[in-house]
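The model shown is predicted, which means the values in this text are computed figures rather than measured ones. Just so you know, these numbers use all the heavy atoms, side chains as well, and skip hydrogens, waters and symmetry mates. Just so you know, ligand 1 is whichever comes first in the structure, and atom 1 is the first atom listed for that ligand. Residues: numbered from 1 along the sequence shown.
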Amino acid sequence: MLYQRSSALFAEAQKYIPGGVNSPVRAFKAVGGDPIFVKKAKGAYLYDEDGNKLIDYIASWGPLILGHAHEPVINAVIEKAKQGTSFGMPTEIETQLAQLAVSMVPNIDKIRFVNSGTEACMSAVRLARGYTGKDKIIKFAGCYHGHSDSFLIQAGSGAVTFGSPNSPGVTQGTAKDTLLATYNDIESVRALVAANKGEIATVIIEPVAGNMGCIVPSDDFIKGLRELCTQEGILLLFDEVMTGFRLGKGGAQEALGIDADIVCFGKVIGGGLPVGAFAAKNEIMSHLAPEGPVYQAGTLSGNPLAMAAGLAMLTELNSKPEVFESLAKKTAYLHEGLDAVLKGKDVPYRINRFGSMISVHFTEEGVVDFASSAKGNNETFKKYFHGMLEHGVYLPPSAFESYFLNDDLSYADIDETVNALKKVNL
Ligand SMILES: Cc1ncc(COP(=O)(O)O)c(C=O)c1O
């Protein structure tokens, strides 16, 4: 496949945009080569500026669970846009989306809309601190919660890809309040809690991690975390920006059978428009301005176009819950297919999967945390990524990212993907 026009557009973009992109992982730094410029997309396919058609396993990094340019979503946005794009005043559709989201997700009474997953996590942590009156937070190495200062401490995906887990610009003062634990290791959390008794506001976690590849929490770990937080008066914060409305109507809380105290959303809840949200029981949410003293605001929060996209998306997911099962089956089928081909190649590999999230790691050991994920062979990953691309399959351009399947992917697309892998030299 040729990517001449993409390369030319990238060269032009680099003159005016740092690194030529508006979010680092798009730049292909981890895999080398120039990024592909997309022109349009429909269903499971991307159409790039050179006229190539690619099977998409990213779905805009998760939001497009029902495929690209999904008609009910597109129509809802078009109709809404005709009435004006932003008012900075309350609109009925905000309540409609809030009501629907609250009805789908366990253990939440109220939800506040923001513009991104970053904002959701940042605001949720402020709320947790305001509610508990404590300053410190625990996060897990390799988990990514957006790019706000408190989280850029051993964050996964983009931050790891670029080798700057502690970004310049994050002050020591901020960093000292973020304590780092090891995913799937409850003892690492217990030790931090014991050493910082009574000082921890919240433990924030990706309940199924997607930013060090897909990593599934063990039962003991996630249950242990819930128990520990309850015992110690610490709020358990599930960052469901990836998993929310993807692993089921009720996200990871429902899929894992664990109630969190605060839940963050992004991606699917906006149907492909910029929406994030955080939610909790009334007792916690009542601390948020204007009801309570914890400040949080946004000019474009609850934007009508974004709400229309989110409402159309969640309405469909709510009325067709079988879609989650269908996606999980397709993902299992992909898993089997990739596994069968990789077995015949002379490279160690591991495949992790949960629901419609899956990732391939070129390593001997099980991938259960950031350290084991980082052992993956990036040279093999590069060959895999570029080889698949050469055969029309667009995978995440970093070994630290999960794939996100969308429901427009057919079994024939998955067969084509598996056949592509047969032709790739690793
Ligand atoms: C788990 C998780 N939390 C938060 C974020 C940040 O969301 P956004 O990129 O919308 O700011 C991401 C982004 O990928 C994420 O995966």
Side-chain angles (χ1 to χ4, degrees), residues 21-27 30 57-65 112-126 128 137 139-162 165 167 178 183 202-217 236-247 251-253 255-256 260 262-279 296 298 300-301 303 306 309-310 313 354-359 370 373 396-404:
V21 292
N22 284 305
S23 193
V25 79
R26 295 179 197 168
Y57 282 93
I58 307 185
S60 186
W61 301 98
L64 306 174
I65 190 166
R112 168 65 57 87
F113 294 114
V114 294
N115 305 288
S116 67
T118 295
E119 258 189 84
C121 295
M122 176 187 87
S123 310
V125 163
R126 184 181 307 141
I137 65 170
K139 82 174 277 287
F140 293 87
C143 280
Y144 179 67
H145 305 294
H147 62 91
S148 107
D149 287 2
S150 312
F151 303 129
L152 283 181
I153 321 288
Q154 288 209 16
S157 61
V160 171
T161 300
F162 295 96
S167 170
T178 300
Y183 204 89
T202 184
V203 175
I204 182 168
I205 185 165
E206 289 180 58
V208 173
N211 283 293
M212 35 189 172
C214 171
I215 296 187
V216 183
L236 178 59
L237 200 168
F238 270 12
D239 174 355
E240 296 228 37
V241 168
M242 280 181 171
T243 54
F245 307 104
R246 172 165 286 278
L247 298 183
Q253 284 196 100
L256 300 172
I262 306 184
V263 191
C264 291
F265 301 102
K267 302 190 189 273
V268 176
I269 198 171
L273 268 79
V275 182
F278 57 105
Q296 191 281 323
L300 291 175
S301 293
N303 172 268
M313 178 64 96
F354 194 100
S356 54
M357 295 167 67
I358 181 169
S359 56
F370 177 60
S373 173
S398 159
F400 291 112
E401 303 282 0
S402 172
Y403 314 177
F404 300 104

Practice item. Return yes if a side-chain donor-acceptor contact under 3.5 Å exists between Q296 and R112, otherwise no. Key: yes
Point to revise | Beyond-backbone contact of P207 with E240, side-chain heavy atoms, under 4.5 angstrom | key: yes
At under 4.0 Å between heavy atoms, is it the side chain or the backbone of [X] that contacts ligand 1, or both, or neither?
X    : answer
H147 : neither
H145 : backbone
T118 : both
Y144 : both

Which ligand 1 atoms does [X] reach within 4.0 Å, using its non-hydrogen atoms?
X    : value
D239 : 1 (C), 2 (C), 3 (N), 4 (C)
E206 : 1 (C)
M242 : 16 (O)
K267 : 13 (C), 14 (O), 16 (O)
G146 : 4 (C), 5 (C), 6 (C)
S116 : 10 (O), 11 (O)

**Study point:** Per atom 16 (O) of ligand 1, closest listed option by heavy atom (V275, N211, V25)
**Key:**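 Among V275, N211, V25, the closest heavy atom to atom 16 (O) of ligand 1 comes from N211.
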Might you point out which heavy atoms bring [X] and [Y] nearest each other, and give the distance in Å?
X    : Y    : answer
S359 : Y403 : CA-CE2, 4.2 Å
V208 : T243 : O-CG2, 3.7 Å
P397 : I58  : CD-CD1, 4.0 Å

Practice item. Would you check the N or O atoms of G117, main chain and side chain alike, for any that come under 3.5 Å of an N or O of ligand 1? Key: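 Yes, G117 has an N/O under 3.5 Å of an N/O on ligand 1.
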Practice item. Taking ring-ring contact (aromatic ring centres under 6.0 Å, His included) as the test, write out the residues that go with F265, two or more places apart. Key: F245
**Study point:** Within-shell test, E240 vs ligand 1, heavy atom, strictly < 4.0 Å
**Key:**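 It does not; every heavy atom stays at 4.0 Å or beyond.
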Review point. Atom OH of Y144 and atom CG of D239: how far apart are they, to the nearest 0.5 Å?
Key: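 These two atoms lie 10.0 Å from each other.
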Exercise for review: Measure from the side-chain N and O atoms of T202 to the backbone N and O of I137, and report whether any donor-acceptor pair falls under 3.5 Å.
Suggested key: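 Not a single qualifying donor-acceptor pair exists.
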Point to revise | With L64 via side-chain contact (heavy atoms from CB on, under 4.5 Å) - residues at least two apart | key: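 For L64, the residues satisfying side-chain contact (heavy atoms from CB on, under 4.5 Å) (neighbours in sequence not counted) are A59, S60, H68.
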